[in-house]
Amino acid sequence: SMSEADFKTVVNTFASVFPYAAVWEASLGKDYLLVGSKAKQYSDARRITDKISRDDLREDMRTIGVFDIPSLFSRLVIDDVSVREFVEGAEINTDNNVRLEFSAPLNLYRNDLQLVTLFSKYRDASANQTIRRLLRDVEDEGAQLYRFVEAKKLGADGFILQSQGNETKAFEVLQKAFYLNPRDADVLMLFVPFLLERGLRFLESGNFEAAFTEFEKITAISPDNFVAYNNMGSILYGVGRYRDAQAMFERAIALNSRYGEAHFKLGES
């Protein structure tokens, strides 16, 4: 919900204070983080690996799909080198001009994908520079980082295509993204609903075997998807496998205790 000009104003204002600034992606097309410092960033891969492996951080990081150096740095959109090019010619917001106070509300309900498209351009440059600087002592992770960055770019393409209503092409692109990084949280967020929809279409057409296979795929890549377990339970119930169906409904309820449909079907079974 921001124009490109406003976003660049925010980044430029931030970068005008910190000698080193970078833009990170928390959630595709939604949330972005600015990280600033006085010293050059991201120079010690081992130190970063140690930090994200800490017990008090590991589980939190995994919830957003960060498991290692490549999955972390695939979320780096614009590094502290490329950020200067990104903000060139942008305004700076100050207490005297309060530009954002007047321009930001005009874009409150904006759904412009221009920024998401623009970020793909900077991901490559940022990844290349980061690999050269950061991964000298962990070169084996460099190729993986390239794959994960490509998955992020394809995920963004899928996000744009889906927003434009091109569901068929979006599914193809997201399949490729999933192949490159099957643990990317943003890609999964977009890809799993496609699989769920495909399973429901098979179910409606009476192809229960294909529907079950599709829902099973979902539980393999997204183990907390209670809807998929519920749908698998419905299929099993329909073919007379009542105990197996009950186990699926119970699993769905364990994942979401307020999921009424699973409660109803469990009682029915």
Side-chain angles (χ1 to χ4, degrees), residues 21-35 41-54 57-83 86 113 115-162 169-195 217-218 220-224:
V23 180
W24 292 74
E25 188 171 73
S27 179
L28 175 62
K30 296 177 182 177
D31 296 308
Y32 291 82
L33 307 176
L34 301 181
V35 178
Q41 300 176 6
Y42 328 126
S43 57
D44 189 340
R46 298 300 181 194
R47 186 163 170 255
I48 295 170
T49 299
D50 289 343
K51 281 183 176 292
I52 62 178
S53 300
R54 276 172 30 190
L57 288 179
R58 188 186 302 114
E59 289 307 312
D60 284 343
M61 298 295 270
R62 284 181 176 177
T63 62
I64 59 167
V66 171
F67 305 91
D68 47 28
I69 286 277
S71 56
L72 173 65
F73 278 87
S74 69
R75 291 185 171 275
L76 178 61
V77 179
I78 309 173
D79 71 357
D80 53 10
V81 176
S82 298
V83 76
F86 179 74
L113 301 171
L115 274 170
V116 177
T117 304
L118 183 62
F119 291 153
S120 290
K121 168 190 170 184
Y122 286 94
R123 280 190 195 277
D124 279 329
S126 297
N128 285 331
Q129 287 157 175
T130 301
I131 287 170
R132 286 198 299 271
R133 185 195 317 167
L134 181 69
L135 301 183
R136 290 176 189 139
D137 53 344
V138 282
E139 291 180 4
D140 56 318
E141 294 189 293
Q144 191 178 40
L145 177 56
Y146 277 123
R147 289 201 311 276
F148 287 5
V149 168
E150 187 62 26
K152 283 288 184 191
K153 289 167 59 183
L154 287 170
D157 290 343
F159 176 73
I160 291 167
L161 288 164
Q162 186 179 26
K169 188 63 177 176
F171 179 73
E172 292 175 7
V173 169
L174 290 169
Q175 261 189 319
K176 292 177 183 176
F178 175 74
Y179 174 77
L180 290 170
N181 185 4
R183 296 197 296 183
D184 187 300
D186 290 317
V187 171
L188 285 174
M189 179 186 70
L190 296 166
F191 186 52
V192 168
F194 273 107
L195 294 178
K217 282 183 198 172
I218 294 171
I221 64 178
S222 181
D224 59 349

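Heavy-atom basis, side chains included; hydrogens, waters and symmetry copies ignored. Throughout, numbering of the chain's residues begins at 1 and tracks the sequence.
- Summarising the geometry, atom CD1 belonging to I48 is positioned 7.0 Å from atom CG belonging to L72; distances are rounded to the nearest 0.5 Å.
- We find that E150 and K176 are not joined by a salt bridge, their nearest charged nitrogen and carboxylate oxygen being 4.0 Å or further apart.
- Ring pair F119/Y32 is tilted by interplanar angle, where 30° to 60° counts as tilted.
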What verdict does the side chain to side chain donor-acceptor pair (under 3.5 Å) test give for D50 and S53, after you've listed the backbone C-alpha separation in whole Å, the side-chain angles of each residue and the deciding distance to 0.1 Å?
CA-CA 5 Å; D50 289 343; S53 300; 5.8 Å; no
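- Nearest approach of S71 to G65, heavy atoms of both residues: CB-O, 3.4 Å.
- Formation of a donor-acceptor pair under 3.5 Å by the S222 side chain with backbone atoms of I218 is not found in this model.
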Go through the steps to decide whether F86 and L118 satisfy the test side-chain contact (heavy atoms from CB on, under 4.5 Å), and finish with yes or no.
CA-CA 10 Å; F86 179 74; L118 183 62; 3.5 Å; yes
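- Contact check for L180 versus V187: no side-chain heavy atoms found under the 4.5 Å cut-off.
- A heavy-atom distance below 4.5 Å is not found between the side chains of E25 and D31.
- Within the model, atoms CD of E59 and CZ of R54 stand 14.0 Å from one another, a figure rounded to the nearest 0.5 Å.
- Atom CZ in R147 sits 13.0 Å away from atom CG in L154 (nearest 0.5 Å).
- Counting only heavy atoms from C-beta outward, the side chains of T117 and I160 approach each other to under 4.5 Å.
- Between A156 and S120 the shortest heavy-atom distance is CB-OG, 4.2 Å.
- In this structure, T63 contributes its side chain and D60 its backbone to a donor-acceptor pair below 3.5 Å.
- Side chains of L195 and F171 form a contact here, defined as non-hydrogen atoms less than 4.5 Å apart.
- Counting heavy atoms from C-beta outward, Q162 and L190 have side chains that approach closer than 4.5 Å.
- The two atoms that bring A125 and S82 nearest to each other are CB-OG, 3.8 Å, heavy atoms only.
- Here E172 contributes atom CD and L174 contributes atom CG; the two are 10.5 Å apart, rounded to the nearest 0.5 Å.
- Under the 4.5 Å side-chain criterion, counting only non-hydrogen atoms from C-beta, L57 is not in contact with I52.
- Here the CZ atom belonging to F148 is positioned 4.0 Å from the CG atom belonging to N181, to the nearest 0.5 angstrom.
- Counting only heavy atoms from C-beta outward, the side chains of F191 and I221 approach each other to under 4.5 Å.
- With salt bridges taken as basic N to acidic carboxylate O contacts below 4.0 Å, none links K169 and D157.
- A side-chain donor-acceptor contact under 3.5 Å links R123 to the backbone of S74.
- A donor-acceptor pair under 3.5 Å is formed between the side chain of R75 and the backbone N or O of A26.
- Side-chain contact between L76 and V23 is absent, with no heavy atoms from C-beta onward closer than 4.5 Å.
- Going from atom CG of L28 over to atom CZ of F159 covers 5.5 Å, rounded to the nearest 0.5 Å.
- For the pair R62 and F67, the cation-pi criterion (under 6.0 Å, within 45° of the ring axis) is not fulfilled.
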